[in-house]
Amino acid sequence: MTEQELLRRESLQKLRELGIDPYPPEMFEVSAFAADIIANYQEEVLEDGTKNRLNYHSVALAGRLMASREAGKALFMNLQDSTGRIQLYLRRDDLMQGEDGTFFDVVIKKLLDLGDYIGIKGFAFRTKTGEVSVHVQEFKLLSKSLRPLPIVKRDAEGNIFDAFTDPEQRYRMRYVDLTVNPDVRQIFIKRSKLVRTMRNFLDELGLLEVETPILQAIHGGAAARPFKTHHNTLDMPLFLRIANELYLKRLIVGGFDGVYEFGKMFRNEGMDRTHNPEFTALEFYVAYKDYNWMMDVTEQMLERVARALDENGGTTVQAGENVIEFAGPYTRLTMFDAIKQYTGLDVEASDESTLRTYCRENHIEIDASMGKAKLIDEIFGEKVEEFLIQPTFLIDYPVEMSPLTKKHRSKPGLVERFELFINGKEVANAYTELNDPIDQRERFEEQLALAARGDEEAMAMDDDFLRSLEYAMPPTAGIGFGIDRLTMLFTGQTSIQEVLFFPQMRPEK
RNA sequence: GAUCUCGUAGCUCAGCCGGUAGAGCACUUGACUUUUAAUCAAGGGGUCAUGGGUUCGAAUCCCAUCGAGAUCACCA
């Protein structure tokens with residue numbers, strides 16, 4: 001244990017000897033918050049020059065002690081609660097117990113440490129330097145902190161000194177990060193607001209929020225390597241879901257007009273600044289709609305999210321050097337037109353060997369297992385994706401890449417699919433859902449053929465899902481959003497770890 | 001998985017062409033009844049990530065391991 005930890009444990013013992021419980025069980029009634037007092041405190045100056053306080057005559061606050069400045073027989077503290085920080089003013093005279101000054105001299109001045117949770121009662125006032133503060137009349141220790149917090153200081157201009165910045169420590173001890181870095185707290189508040197805004201929007205649309213299995217015997221609905229686990233009683237392998245799509249569609253088969261699920265997905269792939277092994281998706285499916293309707297709804301939903309998260313209710317977000325406009329309508333661009341626009345290459349008129357030649361000439365990595373559709377996808381990923389900064393619906397994909405999507409109503413070889421790209425990243429993927437069970441079975445069989453050719457991303461056959469389609473699924477539109485990436489976009493973060501409370505880390509030591 | 005960079009006090013960092021481990025904040029003691037990055041005075045605190053090697057001598061040079069970040073690959 002470090003010197004400072006030992007000293008705090010000694011203080012803990014001395015408090016107990018003085019009859020003070022460092023971890024009292026009873027509740028502490030809070031009646032005010034730091035930010036509210038600072039924003040709303042009022043006083044008037046009388047004719048004789050004295051000040052008259054107009055509100056917050058009696059307040060009770062609780063929070064962490066984050067700074068302490070002794071000034072003889074007075075003391076200034078900073079109390080941090082869930083809303084922010086406020087200064088406390090304590091005088092020895094106010095906290096005497098009869099003739100006994102031990103409480104102020106020993107308990108408050110010696111045995112209290114930065115990071116301790118305290119509860120105080122008193123009245124608001126403005127110091128002669130102009131800071132709204134609370135004059136403390138009663139003081140109670142609520143919970144003793146045994147480890148020293150990193151002390152981050154700010155000056156009057158807002159410059160930060162000695163910030164707690166080491167990413168490893170911040171992620172491993174997010175509780176410390178959240179305590180000393182108020183900006184981090186704001187990111188997660190925004191994340192919560194983003195989810196809430198989407199949920200409200202979907203509820204207003206009349207969709208039903210549902211939960212589907214995370215443990216699945218067949219990992220379907222997407223192409224990714226799964227986490228595998230084992231059920232002891234059933235003595236069978238189970239997989240953590242890589243997607244929930246096929247279960248949500250079964251619910252549409254079952255007669256719900258619309259369902260949505262916010263849920264964790266798990267993919268056993270590499271980790272980097274945009275990938276965490278578990279991540280959050282929003283998927284929703286609506287009967288009797290198609291992907292054109294879904295584009296309209298997506299525009300409405302994201303505009304609403306942008307307005308909800310912007311302090312001024314605006315629809316733009318700064319992302320690096322770019323200003324993203326979330327008010328619709330968004331550009332709708334077919335995949336073939338997008339490639340033609342950014343590369344001049346007409347993929348529609350090209351055969352597989354032409355595309356292979358193009359890839360080789362442009363240093364795009366390909367392998368023998370890739371068919372024409374996969375080659376087109378690679379060209380898009382290398383030459384187009386990063387330039388789609390403003391929200392753009394990329395529509396009408398080759399059928400081979402989209403085994404769960406209905407064939408295009410007028411364009412042979414394509415499907416009714418769109419992906420939404422913002423700031424060069426995919427944030428949503430949507431289809432007019434394939435509900436023809438015979439076509440779906442053939443698509444699965446094509447996937448099996450691709451798998452045989454060496455495509456590790458090919459999708460597995462799901463017989464029960466096919467059975468459900470044979471009972472008939474109404475025409476349906478569906479979409480999936482990456483909530484983490486959307487949060488990154490709206491909070492200006494470039495690492496997924498900054499929008500996850502507890503990103504995946506290797507074990508310590 | 002590959003490559004590069006990093007790991008020194010509770011925190012932020014300096015020291016790194018080898019020669020006894022440093023600063024600021026935090027902490028301890030003292031002064032101060034309106035301070036605010038409080039101030040002033042004195043003081044304590046280190047297995048320099050871990051393990052090897054080179055050397056008379058390693059925080060410093062070399063190797064390995066662990067952890068983190070960045071870039072790439074795979075994916076969303």
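So you know, we letter chains A, B, ... as the sequences are listed, proteins then strands, and number each from 1. Hydrogens, waters and symmetry mates are skipped; everything else that's a heavy atom, side chains included, is used. For clarity, every value in this text was computed on a predicted model and none was experimentally measured.
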Undergrad: Among the candidates G45(B), A76(B), C11(B), find the nucleotide nearest to the side-chain atoms of Glu3(A).
TA: G45(B)
Undergrad: Using a cut-off of under 3.5 Å, enumerate the N/O to N/O pairs linking the protein to nucleotides 47-50 of chain B.
TA:
none

Undergrad: Can you tell me the pairing partner of U3(B) across any strand shown, Watson-Crick or G-U wobble, with both distances under 3.5 angstrom?
TA: A70(B)
Undergrad: Measure up the Phe418(A) and Phe393(A) rings against each other and bin them: parallel (under 30°), tilted (30 to 60°), perpendicular (over 60°).
TA: perpendicular
Undergrad: Counting heavy atoms from C-beta on, name the nucleotide in U33(B), A38(B), G10(B) closest to the side chain of Arg69(A).
TA: A38(B)
Undergrad: Do the ring planes of Phe125(A) and Tyr89(A) sit parallel (below 30°), tilted (30 to 60°) or perpendicular (above 60°)?
TA: tilted
Undergrad: Separation of Glu10(A) atom CD from G44(B) atom C1', in whole Å?
TA: 13 Å
Undergrad: Return yes if some donor-acceptor pair links the side-chain N/O of Arg191(A) with the main-chain N/O of Val499(A) below 3.5 Å, else return no.
TA: yes
Undergrad: In whole Å, I'd like the distance from the CG atom of Leu146(A) to the P atom of A26(B).
TA: 20 Å
Undergrad: Mind checking the CD1-CG spacing from Ile118(A) to Leu88(A)? Nearest 0.5 Å is all I need.
TA: 5.5 Å
Undergrad: Side chain of Glu426(A): nearest nucleotide among U33(B), A68(B), A76(B)?
TA: A76(B)
Undergrad: By nearest atom, which of the nucleotides A37(B), U33(B), G67(B) is closest to the Ala74(A) side chain?
TA: U33(B)
Undergrad: Paired with C11(B) by Watson-Crick or G-U wobble geometry, both distances under 3.5 Å: which nucleotide is it?
TA: G24(B)
Undergrad: What interatomic distance, in whole Å, is found between C1' of G1(B) and the corresponding atom of C27(B)?
TA: 45 Å
Undergrad: What interatomic distance, in whole Å, is found between P of A49(B) and the corresponding atom of A14(B)?
TA: 14 Å
Undergrad: Using the P atom as the point on both nucleotides, what is the distance between A68(B) and G30(B), in whole Å?
TA: 44 Å
Undergrad: How many whole angstroms separate atom CG of Leu112(A) from atom P of C27(B)?
TA: 11 Å
Undergrad: May I ask you to verify whether the side chain of Gln4(A) and the base of U28(B) hold a donor-acceptor pair under 3.5 Å?
TA: no
Undergrad: Could you let me know what C40(B) is paired to, Watson-Crick or G-U wobble, both distances under 3.5 Å, or none if it's on its own?
TA: G30(B)
Undergrad: Quick check: does any side chain N or O of Asn362(A) sit under 3.5 Å from a backbone N or O of Ile364(A), one acting as donor and the other as acceptor?
TA: no
Undergrad: Nearest of A73(B), A76(B), C27(B) to any side-chain atom of Phe279(A)?
TA: A76(B)
Undergrad: Base, sugar-phosphate alone, or nothing: which one does Gly270(A) contact when heavy atoms must sit under 4.0 Å apart?
TA: base
Undergrad: Would you sort out whether Glu70(A) and Lys109(A) count as a salt bridge (charged side-chain N to carboxylate O under 4.0 Å, His left out), showing the intermediate values?
TA: CA-CA 8 Å; Glu70(A) 286 183 34; Lys109(A) 284 185 75 167; 3.4 Å; yes
Undergrad: What does Gln497(A) touch in the nucleic acid at a heavy-atom separation under 4.0 angstrom: a base, only the sugar-phosphate, or nothing?
TA: sugar-phosphate
Undergrad: Using atom P in both nucleotides, what's the gap between A76(B) and A64(B) to the nearest angstrom?
TA: 35 Å
Undergrad: Does Leu394(A) reach the side chain of Phe421(A), with side-chain heavy atoms less than 4.5 Å apart?
TA: yes
Undergrad: To the side chain of Tyr171(A), which of A26(B), U35(B), G69(B) is closest?
TA: G69(B)
Undergrad: Measuring only the C1' atom in each nucleotide, how far is C25(B) from A58(B)? A whole number of Å is fine.
TA: 30 Å
Undergrad: Can Asp113(A) and Lys144(A) be said to form a salt bridge (charged side-chain N to carboxylate O under 4.0 Å, His left out), step by step?
TA: CA-CA 8 Å; Asp113(A) 291 294; Lys144(A) 184 97 194 105; 2.7 Å; yes
Undergrad: Heavy atoms only, 4.0 Å cut-off, all strands: where does Asn276(A) land among base, sugar-phosphate and nothing?
TA: base
Undergrad: According to the interplanar angle, ranging from 0 to 90°, do the rings of Phe123(A) and His135(A) count as parallel (below 30°), tilted (30 to 60°) or perpendicular (above 60°)?
TA: parallel
Undergrad: For RNA chain B, whose closest nucleotide is more 5', that of Pro150(A) or that of Ala71(A)?
TA: Pro150(A)
Undergrad: Are any of Lys153(A)'s side-chain N or O atoms less than 4.0 Å away from OP1 or OP2 of A38(B)?
TA: yes
Undergrad: Measure the distance between the ring centre of Phe161(A) and the centre of the six-membered base ring of A37(B), then answer whether it is under 5.5 Å with planes under 30°.
TA: yes
Undergrad: When you get a sec, tell me which of A26(B), A76(B), U34(B) is the closest nucleotide to the side chain of Ile151(A)?
TA: A26(B)
Undergrad: Quantified in whole Å, what is the C1' atom distance between nucleotide U60(B) and nucleotide U54(B)?
TA: 13 Å
Undergrad: Are the ring of Phe76(A) and the base ring of A38(B) both nearer than 5.5 Å at their centres and tilted by less than 30°?
TA: no
Undergrad: Who does C56(B) pair with, Watson-Crick or G-U, both distances under 3.5 Å?
TA: G19(B)
Undergrad: What is the nucleic acid contact for Asn78(A), judged by heavy atoms within less than 4.0 Å: base, sugar-phosphate only, or nothing?
TA: nothing
Undergrad: Would you check, one step at a time, whether the test salt bridge (charged side-chain N to carboxylate O under 4.0 Å, His left out) holds for Glu283(A) with Arg241(A)?
TA: CA-CA 13 Å; Glu283(A) 298 236 347; Arg241(A) 68 179 174 196; over 6 Å; no
Undergrad: The side chain of Leu7(A) lies closest to which of these nucleotides: C27(B), A68(B), U35(B)?
TA: C27(B)
Undergrad: Could you tell me whether Phe104(A) contacts a base, only the sugar-phosphate backbone, or nothing, with contacts defined as non-hydrogen atoms closer than 4.0 Å?
TA: nothing
Undergrad: Say you pick atom C1' in U35(B) and the same atom in G44(B); how far apart are they, in whole Å?
TA: 27 Å
Undergrad: Here's a test for you: under salt bridge (Lys or Arg N to Asp or Glu O under 4.0 Å), which of Lys406(A), Arg417(A), Lys249(A) qualifies with Glu433(A)?
TA: Lys249(A)
Undergrad: Let's see if you can work this out: which of U35(B), A68(B), G45(B) has an atom nearest to the side-chain heavy atoms of Thr127(A)?
TA: U35(B)
Undergrad: For A64(B), give the paired nucleotide (Watson-Crick: N1-N3 plus N6-O4 or O6-N4; G-U: N1-O2 and O6-N3; both under 3.5 Å), or none.
TA: U50(B)
Undergrad: Distance check, rounded to the nearest 0.5 Å: Leu388(A) atom CG versus Tyr342(A) atom OH?
TA: 5.0 Å
Undergrad: Would you check if Arg273(A) and Gln493(A) make a side-chain contact, meaning some heavy-atom pair closer than 4.5 Å?
TA: no
Undergrad: Check nucleotides 12-15 of chain B for protein N or O atoms closer than 3.5 Å to its own N or O atoms and list the pairs.
TA:
residue, atom, partner, partner atom, Å
U12(B), OP1, Asp166(A), N, 3.2

Undergrad: Whole-Å distance between A73(B) C1' and Arg225(A) CZ?
TA: 12 Å
Undergrad: Nearest nucleotide by nearest heavy atom, which residue falls closer to the 5' end of RNA chain B, Met265(A) or Glu131(A)?
TA: Glu131(A)
Undergrad: Can you identify which nucleotide, out of G67(B), U28(B), A26(B), has its nearest atom closest to the Leu114(A) side chain?
TA: A26(B)
Undergrad: By the 4.0 Å heavy-atom rule, please label Ala223(A) as base, sugar-phosphate, or nothing.
TA: sugar-phosphate
Undergrad: Please determine if a side-chain N or O atom of Arg506(A) lies less than 4.0 Å away from the OP1 or OP2 oxygen of G67(B).
TA: yes
Undergrad: When rounded to the nearest Å, what value does the distance between P atoms of U20(B) and A26(B) take?
TA: 30 Å
Undergrad: To the nearest angstrom, how far is Glu382(A) atom CD from C74(B) atom C1'?
TA: 13 Å
